[in-house]
Colleague: 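This is the structure I want to talk about, given as structure tokens.
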Amino acid sequence: MERYWLLKSEPFKYGWDDLEAEGEGTWDGVRNHRAKNNLAAMEVGDQAFFYHSREGLEIVGICEVSEAGITDPTDETGKWAAVKVVPKTKLPRPVTLKEIKVEERLADCELVRQSRLSVAEIKPDEWSLILKMAGV
DNA sequence: GCCAACGTTGGC
DNA sequence: GCCAACGTTGGC
């Protein structure tokens with residue numbers, strides 16, 4: 001079953017533009033167990049929102065998992081997971097955290113509930129709602 | 001095995 | 001720049 005995700009990144013470290021410029025990005029360096037579980041559950045073809053944290057605070061684009069189940073290359077213990085993603089589309093209109101927080105149907109999503117989680121799951125109905133908010 | 005202290009993340 | 005939330009570490 002296809003699942004949906006949200007990947008957080010600080011734009012001054014690695015933003016949407018960086019991903020588009022590279023064509024493919026490796027999502028590694030995650031050192032949180034819940035985020036790691038999400039990474040490990042990803043499959044090729046899954047879609048993910050790309051969210052800018054600290055600065056911007058908005059979902060800016062959609063990317064797709066191009067390689068799953070990778071062991072994090074930046075980790076020598078081999079315990080952490082990573083995936084590769086390719087950029088798909090930039091949202092016609094970014095969806096801000098503010099809008100997400102105001103929308104009560106999104107009050108339950110991982111992004112709101114656990115704000116420090118760098119890889120969050122998005123449920124299918126939350127996914128389509130956010131797409132609608134983005135003007136897709 | 002509990003919990004206080006500390007470090008980090010991320011929204012404001 | 002501040003601080004709340006959360007995770008991790010280490011003393012007991």
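Heavy-atom basis, side chains included; hydrogens, waters and symmetry copies ignored. Here is the naming used below: chain letters follow the sequence lines, and residue numbers restart at 1 for every chain.
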Colleague: If the threshold is 4.0 Å, N to carboxylate O, is there a salt bridge linking A/Arg93 and A/Glu99?
Modeller: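 A salt bridge links A/Arg93 with A/Glu99.
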
Colleague: Considering only heavy atoms of chain A and a distance under 4.0 Å, specify the first and last nucleotide of DNA chain C in 5' to 3' order that meet this criterion.
Modeller: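 Answer, 5' to 3': C/dA5 to C/dT8.
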
Colleague: Answer yes when A/Glu58 and A/Lys98 have at least one side-chain N-carboxylate O distance shorter than 4.0 Å, and no when they do not.
Modeller: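 A/Lys98 and A/Glu58: not salt-bridged.
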
Colleague: Looking at A/Glu126 and A/Arg105, is there a salt bridge between them, counting it only when a charged N and a carboxylate O are closer than 4.0 Å?
Modeller: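 So A/Arg105 does not pair with A/Glu126 through a salt bridge.
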
Colleague: Could you list by number each residue of residues 27-38 of chain A showing a heavy-atom separation from DNA chain B of less than 4.0 Å, or answer none if no residue does?
Modeller: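 Residues of residues 27-38 of chain A that come under 4.0 Å of DNA chain B do not exist, since none gets that close.
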
Colleague: What distance separates A/Ile70 CD1 from A/Met42 CE, expressed to the nearest 0.5 Å?
Modeller: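 Spacing of CD1 (A/Ile70) from CE (A/Met42) equals 11.0 Å.
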
Colleague: Is there a side-chain hydrogen bond (donor to acceptor under 3.5 Å, both in side chains) between A/Trp5 and A/Asp46? Walk through the geometry before answering.
Modeller: CA-CA 8 Å; A/Trp5 311 96; A/Asp46 281 1; 3.1 Å; yes

Colleague: Only one of A/Ile59, A/Val95, A/Val60 forms a side chain to side chain contact (heavy atoms under 4.5 Å, CB included) with A/Tyr51, so which one is it?
Modeller: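 With A/Tyr51 as partner, side chain to side chain contact (heavy atoms under 4.5 Å, CB included) holds for just one option, A/Ile59.
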
Colleague: Describe the nucleic acid contact of A/Lys101 in one word from base, sugar-phosphate, nothing, applying a heavy-atom distance below 4.0 Å.
Modeller: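 Result for A/Lys101 = sugar-phosphate.
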
Colleague: Can you confirm whether A/Glu2 is buried at CD, in the sense that more than 12 heavy atoms of other residues, nucleotides or ligands lie under 6.0 Å from that atom?
Modeller: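 Yes.
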
Colleague: Let's go through A/Asp72 and A/Thr74 carefully: what are the C-alpha distance in whole Å and the side-chain angles of both, what is the deciding distance for side-chain hydrogen bond (donor to acceptor under 3.5 Å, both in side chains) to 0.1 Å, and is it a yes or a no?
Modeller: CA-CA 5 Å; A/Asp72 190 336; A/Thr74 67; 2.6 Å; yes

